[in-house]
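Read through the structure below, which is laid out as structure tokens, and then see the notes.
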There are 2 protein chains.
Amino acid sequence: MLGKNDLNIEGYKNTKQRTKILQIFKDSNIPLSAEDIFIRMKEYYPLLAISTIYRNLEILTSKGIVIKNIFNDGIARYELASTNHRHHLKCIGCNMTVDIDACPLKSLEHSIEAQTDFDISGHSLELYGYCPKCKKKNTESGSSN
Amino acid sequence: MLGKNDLNIEGYKNTKQRTKILQIFKDSNIPLSAEDIFIRMKEYYPLLAISTIYRNLEILTSKGIVIKNIFNDGIARYELASTNHRHHLKCIGCNMTVDIDACPLKSLEHSIEAQTDFDISGHSLELYGYCPKCKKKNTESGSSN
DNA sequence: GTAGATGCAAATTTTTTGCATTTAG
DNA sequence: CTAAATGCAAAAAATTTGCATCTAC
């Protein structure tokens with residue numbers, strides 16, 4: 001195992017900031033926004049610029065090390081590509097998010113590859129609806145219109 | 001007379017701008033960004049403000065008439081909720097987009113509803129990869145690192 | 001020593017908001 | 001008539017860029 005948080009790609013340097021970003025990703029099991037990462041890092045590097053985060057995320061994304069996903073709130077969130085493939089179910093009412101650990105898309109991807117001759121490298125999937133609590137509230141407050 | 005592109009919801013008026021937005025959605029079979037709509041409408045309403053588009057999209061989305069989706073380029077795109085449920089396959093290389101008319105998620109939604117007790121109202125799914133042409137280019141230019 | 005990375009500030013881009021005016025019903 | 005909608009301008013929020021300085025290798 002590599003065991004380190006280094007970006008072993010020729011032409012790129014392992015700065016402490018970059019190493020820390022990778023560490024933060026490894027310590028997290030949810031997708032993180034640039035600001036999430038920024039806040040976590042500010043504690044260690046008070047002079048840190050948010051542009052450093054964005055520039056690193058750009059590199060990490062282009063190298064396929066992290067995956068970028070833009071959620072329906074308009075904010076991009078990132079996660080390690082090596083993290084087990086996850087999808088999320090988000091409550092429209094209270095924003096509570098639940099992980100889904102089924103991903104039924106592998107077989108779909110294969111059949112679409114066959115149909116389109118694309119080389120499919122990934123997908124983003126987010127489900128949304130109302131959680132049990134908000135569902136209940138909705139029902140209670142009536143459902144006219 | 002009541003045009004077919006009218007928003008028949010109490011408290012809302014059928015302005016010509018709003019009617020036109022609905023018409024544009026009906027004429028389009030791809031998701032449109034606020035700017036896409038703005039450009040199409042400017043031709044007819046040169047004084048149109050983009051805030052009018054955003055405000056209408058907000059209302060239409062909140063009424064469930066259109067669906068908002070934020071693509072991986074960070075731009076929100078909208079489509080009629082009544083439009084047949086579509087997903088897209090986008091080429092990372094050239095941005096070419098292909099429609100997929102399979103949506104395998106209905107059954108997944110049901111099983112997740114059962115597991116989580118959520119009331120799932122929808123999902124967003126986007127697939128990405130390399131189209132035949134770009135795939136070829138990638139192979140030709142080698143794949144060393 | 002040098003290419004690449006960083007911090008800082010300013011610029012861009014997309015979306016939202018305040019307000020005076022106009023319009024649909 | 002009047003609540004809702006619009007146009008315009010300015011503000012926010014997220015992200016990107018230019019540049020001088022710094023750091024990993």
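The chains referred to below are lettered A, B, ... by the order of the sequence lines, with proteins before strands, and numbering in each begins at 1.
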Side-chain heavy atoms of A:K68 within contact of A:T61, under 4.5 Å: yes
Which distance, rounded to the nearest 0.5 Å, do you find between the [atom1] of [X] and the [atom2] of [Y]?
X: A:I65; Y: A:I67; atom1: CD1; atom2: CD1; answer: 10.5 Å
X: A:T19; Y: A:N56; atom1: OG1; atom2: CG; answer: 9.5 Å
X: A:E109; Y: A:T116; atom1: CD; atom2: OG1; answer: 10.5 Å
X: A:Y78; Y: A:I53; atom1: OH; atom2: CD1; answer: 10.5 Å
X: A:I21; Y: A:T15; atom1: CD1; atom2: OG1; answer: 7.5 Å

Where along residues 47-61 of chain B does a heavy atom fall under 4.0 Å from DNA chain C? B:S51, B:Y54, B:R55
[X] and [Y]: which non-hydrogen atoms are nearest, and at how many Å?
X: A:T52; Y: A:Q17; value: CG2-CB, 4.3 Å
X: A:F118; Y: A:E113; value: O-CG, 3.4 Å
X: A:A81; Y: A:G64; value: CB-O, 3.3 Å

Between B:I39 and B:Y54, is there shared hydrophobic-cluster membership here, with clusters defined by ILVMFWY side-chain heavy atoms closer than 4.5 Å? no
Would you mind reading off the distance between [X] atom [atom1] and [N] atom [atom2], rounded to a whole angstrom?
X: B:I75; N: C:dT16; atom1: CD1; atom2: C1'; result: 17 Å
X: A:Y12; N: C:dT2; atom1: OH; atom2: C1'; result: 17 Å
X: A:R18; N: C:dG7; atom1: CZ; atom2: P; result: 12 Å
X: A:L32; N: D:dA14; atom1: CG; atom2: P; result: 15 Å

Taking the minimum atom-to-atom distance to the side chain of A:A76, which one of D:dA5, C:dT15, D:dT15 wins? D:dT15
For B:T15 and D:dA4, is the shortest distance between a side-chain N/O and OP1 or OP2 below 4.0 Å? no
Contacts of B:Q17 and B:K13 projected onto DNA chain D by closest heavy atom; the upstream (5') one is B:K13
May I ask you to establish whether A:K20 and A:Y45 are in a cation-pi arrangement, using a distance under 6.0 Å from NZ or CZ to the six-membered ring centre and at most 45° from the ring axis? no
Contacting residues from residues 33-45 of chain A, given that a heavy atom lies under 4.0 angstrom of DNA chain D: none
Which angle, rounded to 10°, do you find between the first-five-pair axis and the last-five-pair axis of the helix from C:dG1-D:dC25 to C:dG25-D:dC1? 40°
